[in-house]
Novice: 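I have a structure here, written as structure tokens, and I will follow up with some questions on it.
Throughout, protein chains are lettered first and strands after them, A, B, ... in sequence-line order, and every chain is numbered starting at 1. If you're wondering where the values come from, they're calculated on a predicted model, not measured in any experiment.
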Amino acid sequence: MIKVILKDETTVEVPRGSTPSDVLQEAGIPADEGMVIAEVNGEAVDLDRPLEGDCHLEFLDFNTARGREAYRHTASHVMAQAVKRLYPDAKLAIGPSIENGFYYDFSMEHVLTPEDLPAIAEEMARIVAEDLPLTREEISREEALSLFEESGEGYKVELLEDIEGDTVTVYQQGGFVDLCRGPHLLSTGRLEALRLLSLAGAYWRGDEKREMLQRIYGTAFDSSEELDEYLRMREEAEKRDHRRLGPELDLFSFHDEIGPGLVVYNPNGAILRTVIEDFLKMEHARRGYQLVMSPHIMRKEVWETSGHLQMQYPMYFFEIDGQGYGIKPMNCPAHIYIYKSRTRGHNELPLRLFELGTVYRHERSGVLHGLLRVRGFTQDDAHIFCTMEQAEKEIDDAIRFAFEVQRGFGFTEFLVALSTRPENYVGDIEEWERATELLRKALEGQSLEYVVDEGEGVFYGPKIDVKLKDALGRYWQGPTIQFDFNLPRRFEMTYAGADNREHTPVMIHRTVLGSLERYMGILIEQYSGAFPLWLAPVQVEILPIADRHVPFADDIRERMESSGIRVKVNRESERTGNKIRKAWQMKVPYMVIVGDKEVESGKISVRSLAGRDERDVEVDRFVADLSREIDSKHSLEV
RNA sequence: GCCGGUGUAGCUCAGUUUGGUAGAGCGGCUCACUCGUAAUGAGCAGGUCCGGGGUUCGAAUCCCCGCGCCGGCUCCA
């Protein structure tokens, strides 16, 4: 007999070689409580894996990350089996579970189209109905090699070559065999709700020099309700899509004639951006940043010095009077030249230069995506030049600043990542370690949880990335703070130290929003276009009931305008209901309705976007309320 | 850039399979109505059917080449 300690600390005794399923029974837990896999001493295993000795045992259902992973991974095996049944020549590549679903990559003669998906889904349903058991087998590498070589699974052979160790595991269900670490569900019949979502091309091993495979995306849940809920969520996301809302709300537009990835700001978008810019300028000024500006084009030599040219950074180049110029893809060189515009002493450091700098990058056509990925965008870019000793505080402040601003825009949940030295790097290891340590210290000093992305730093220094969680639970890239050892040397930057000798300053790149375009895209989706009052392009729309009420409406409008409220009057000869509907469609936060009663009393009726209705409101009181609401979203604790 | 899909009025889409000279709703404009909290009615205008070549007596429709957009890969603010 062996002792099995469960999660609730109870101990169950079972014969050696019993399986987690046996333990489930022994412990009186109904086997079909939706348990997916088990963890034995922290190792994820199948529910029918024999227990070899005393152990800690935990059961994982679909609501755990690892359980969900195994569940969806099983679904991907079922999909692969279905594809093999329908297209016997299909070669298997990889088929992992991913956030919200799974995929499998294939190589085959037949080119899949969306019309093929129903047949594959049907075949999958058949496999589920057949309730095929999934069995795990440990075999030697050699055995596996010959197995997959014989069946012509070249990709599996290649994977095997990279696996260390003498034995590997394969999983099999109904004659379908796959190289797989597992664990899996006990049988295909345990899959409840499956859905194929889309097709895509994907390079083998993500390498664009290698062959393009056909990928099928799908998802799986352990109840059809949850699947439906997920599909509803996708629909909701589609409704919030900034690419749909942007033109609808007259925020921005794209034009084939102007070019892909080049944003045009329509009036409402320009207002929104101006509000954001003014806010940023103020917040930077309050924190000792100095606003600077620099040209959009700079001579080619600048980009040689910075290294962009040699790195073949995706820039645009052209000639003027026989001189080569490049359109700036980054603002740093200009800020460095501002630094270098005179000699610097240690007393004037840290020097914090801030620019709303518009940059252009030649993004490959396939990656463009609304406002989130464009070819021309404006960064809220700052460079802090300081001594290594000052860096710690600067980083600390920059992180604090970034979070304060993000909270001001209504984001409260974040994912923080610290990226360390990549394989290709400049500078010496000691420097890297020191800088990485500073970043780590700052994060820990502020009790921020973070993950370490080993080797994900930029070649010139380690960095901190912050992702924002939006109202739909999606994450977006936000602030980034990057150390740079490279540019200060390349541009031969110096300052006179207290020792009256020349030193090289440290440079920190940082942005709070990243790109204004992308951030606006994120904001649109976060609020589905219904911005908080301080950001709303039109804050109040006045709706006269009949044409004769227009003069009174204009009167109110002027009073509000003089208080800085962004207000419009709807002068159309329309029914009030329709005017409300139109203002609502444009997501105007407040509607003011004026008719005979209002003209007579001088008071107004106020209707909020949410439908709240208040009568007999004094105009001054309303304006004061608005101002308070605007300020409340606006003010940040510093 | 690569793989797949897609492109008809400002927007959403029908017409493409089986080639025979383009349609709806919303939106816009005009007129009438002057109205109290999510669509008043009538009329009018609006289309190089993404672009260029080809096949054909004839192309939105078939073929070829581009371009844009969408879903991914890769990359990144």
Novice: Determine: side-chain N/O of R607(A) to OP1/OP2 of rA38(B), distance under 4.0 Å, yes or no.
Specialist: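 True: R607(A) side-chain N/O within range (under 4.0 Å) of rA38(B) OP1/OP2.
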
Novice: Do Y203(A) and rG72(B) share a donor-acceptor pair, side chain to base, under 3.5 Å?
Specialist: no

Novice: Need one value for R615(A): base, sugar-phosphate or nothing, where a base atom within 4.0 Å counts as base even if backbone is also close, heavy atoms only.
Specialist: base

Novice: May I ask you to evaluate whether S365(A) reaches the phosphate of rG1(B), defined as a side-chain N or O under 4.0 Å from OP1 or OP2?
Specialist: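 So the side-chain polar atoms of S365(A) do come within 4.0 Å of the phosphate oxygens OP1 or OP2 of rG1(B), strictly under.
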
Novice: Any strand is fair game: report the nucleotide pairing with rA59(B) by Watson-Crick or G-U wobble, both distances under 3.5 Å, or none.
Specialist: none

Novice: Answer with yes or no whether R575(A) presents, from its side chain, a donor or acceptor under 3.5 Å of a partner atom in the base of rC33(B).
Specialist: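 Check passes, donor-acceptor contact within cut-off.
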
Novice: Hey, does G206(A) reach any base, or is it just sugar-phosphate, or nothing, if we go heavy atoms under 4.0 Å?
Specialist: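 Sugar-phosphate, no base atom in range.
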
Novice: Counting any heavy atom closer than 4.0 Å, what does G201(A) reach on the DNA or RNA strands: base, sugar-phosphate only, or nothing?
Specialist: base

Novice: Whole angstrom is fine here: how far is it from NZ in K579(A) over to C1' in rU40(B)?
Specialist: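 K579(A) atom NZ is separated from rU40(B) atom C1' by 13 Å.
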
Novice: Compare the minimum distances between each of rG72(B), rC35(B), rG1(B) and the side chain of R215(A), then state the nucleotide with the smallest one.
Specialist: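 Of the options given, the side chain of R215(A) lies nearest rG72(B).
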
Novice: Could you give the CZ-to-C1' distance, from R571(A) to rC35(B), as a whole number of Å?
Specialist: 18 Å

Novice: Would you say rC35(B) has OP1 or OP2 under 4.0 Å from some side-chain N or O of R548(A)?
Specialist: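 So the side-chain polar atoms of R548(A) do come within 4.0 Å of the phosphate oxygens OP1 or OP2 of rC35(B), strictly under.
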
Novice: Please classify the nucleic acid contact of G577(A) as base, sugar-phosphate, or nothing, using heavy-atom distances under 4.0 Å.
Specialist: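 Sugar-phosphate contact only - G577(A) comes under 4.0 Å of backbone atoms but never of a base.
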
Novice: Classify V374(A) by what it touches in the nucleic acid, base, sugar-phosphate, or nothing, heavy-atom distance under 4.0 Å.
Specialist: base

Novice: Heavy atoms only, 4.0 Å cut-off, all strands: where does R243(A) land among base, sugar-phosphate and nothing?
Specialist: sugar-phosphate

Novice: Using purine N1 to pyrimidine N3 plus N6-O4 or O6-N4 for Watson-Crick, or N1-O2 and O6-N3 for G-U wobble, both under 3.5 Å, which nucleotide pairs with rG1(B)?
Specialist: rC73(B)

Novice: If the plane angle is over 60° it's perpendicular, under 30° parallel, otherwise tilted; pick one for Y289(A) and F354(A).
Specialist: perpendicular

Novice: Reckon E363(A) touches a base, only the sugar-phosphate, or nothing at all at heavy-atom distances under 4.0 Å?
Specialist: base

Novice: Does Y217(A) reach a base, just sugar-phosphate, or nothing at all? Heavy atoms under 4.0 Å.
Specialist: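 Y217(A): backbone/sugar contact only, no base atoms under 4.0 Å.
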
Novice: Could you work out which one of rG36(B), rG72(B), rU74(B) sits closest to the side chain of V367(A)?
Specialist: rU74(B)

Novice: Could you check whether S605(A) gets within reach of a base, just the sugar-phosphate, or nothing at all, counting any heavy atom under 4.0 Å?
Specialist: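 S605(A): base contact, heavy atoms under 4.0 Å.
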
Novice: Do we get R72(A) above F221(A)'s six-membered ring, with its NZ or CZ under 6.0 Å from the centre and within 45° of the axis?
Specialist: yes

Novice: Output yes when E394(A) and R352(A) qualify as a salt bridge under the 4.0 Å nitrogen-oxygen rule, no when they do not.
Specialist: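 A salt bridge is present here (some side-chain N lies under 4.0 Å from a carboxylate O).
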
Novice: Using a 4.0 Å heavy-atom cut-off, does E598(A) contact any base of the nucleic acid, only the sugar-phosphate backbone, or nothing at all?
Specialist: base

Novice: Rounded off to whole Å, could you give me the CD1-to-P distance for the I542(A) and rG36(B) pair?
Specialist: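 About 19 Å, once rounded to whole Å.
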
Novice: Can you tell me the pairing partner of rU6(B) across any strand shown, Watson-Crick or G-U wobble, with both distances under 3.5 angstrom?
Specialist: rG68(B)

Novice: Can you tell me how far P in rG52(B) sits from the matching atom in rA9(B), rounded to whole Å?
Specialist: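 About 16 Å, rounded to a whole number of Å.
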
Novice: Any base atoms under 4.0 Å from H549(A), or only sugar-phosphate, or nothing? Heavy atoms, all strands.
Specialist: nothing

Novice: Check whether any side-chain N or O of N578(A) sits under 4.0 Å from OP1 or OP2 of rA38(B), and answer yes or no.
Specialist: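 Checking rA38(B) against N578(A), no side-chain N or O comes under 4.0 Å of OP1 or OP2.
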
